[in-house]
Amino acid sequence: MNDEPIALQSDPSDPADFDVTAAALDCGQRARLVRTTRTRLGLSQAEFAQRFHVPVGTLRDWEQARATAPDFALAYLKVIREHPDMVEQSVE
């Protein structure tokens with residue numbers, strides 16, 4: 001049995017619904033930030049990874065929530081979102 005508290009319980013009247021933990025919600029929100037940052041720039045995963053020096057496999061895992069992007073990565077992504085050209089120049 002998992003001791004992690006439930007953040008959002010399923011709707012018992014919906015057989016397709018399921019419980020979601022706080023950790024799963026956090027991972028999903030982080031994944032969305034990664035994906036939307038990349039797609040707003042109009043870049044493929046490979047292009048984004050090359051431009052901002054992020055391993056493409058790591059980027060893919062973060063976007064698909066197979067791994068949780070750490071706090072430092074979220075900070076980096078927020079700076080990329082606001083100043084992509086500046087970040088690209090700083091990592092060349």
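The chain is numbered in sequence order, starting from 1.
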- Is it true that atom CZ of R32 has more than 12 heavy atoms of other residues, nucleotides or ligands lying nearer than 6.0 Å? no
- Task: For residues I80 and L41, determine if any side-chain heavy atom of one lies less than 4.5 Å from a side-chain heavy atom of the other.
- Result: yes
- Item | Nearest-0.5 Å distance, CH2 of residue W62 to CG of residue L74 | 8.0 Å
- Item | salt bridge (charged side-chain N to carboxylate O under 4.0 Å, His left out) partners of D71, counting only residues at least two apart | R30
- Contacts of type salt bridge (charged side-chain N to carboxylate O under 4.0 Å, His left out), residue R60, not counting sequence neighbours: none
- Message: Which residues pass the side chain to side chain donor-acceptor pair (under 3.5 Å) test with D14, not counting sequence neighbours?
- Response: none
- Task: Using ring pair (Phe, Tyr, Trp, His ring centres under 6.0 Å) as the criterion, list what pairs up with Y76, not counting sequence neighbours.
- Result: none
- Task: Not counting sequence neighbours, which residues clear side-chain contact (heavy atoms from CB on, under 4.5 Å) with R81? List them please.
- Result: L33, T36, T37, R40
- Message: Restricting to side chain to side chain donor-acceptor pair (under 3.5 Å), what partner residues turn up for S13, sequence neighbours left out?
- Response: D11
- Message: Less than 4.5 Å apart, side chain to side chain, heavy atoms only: is that true for V79 and M86?
- Response: yes
For residues 49-57, dump all side-chain donor-acceptor pairs below 3.5 Å to protein atoms at least two apart in sequence or in another chain.
unit_1	atom_1	unit_2	atom_2	d
R51	NE	E88	OE1	2.9
R51	NH2	D85	OD1	3.0
R51	NH2	E88	OE1	3.2
H53	NE2	V91	O	3.1

- Message: The criterion is side chain to side chain donor-acceptor pair (under 3.5 Å); which residues satisfy it with S44, sequence neighbours excluded?
- Response: E47
- For R35, check side chain to side chain donor-acceptor pair (under 3.5 Å) against everything at least two apart and list the hits. none
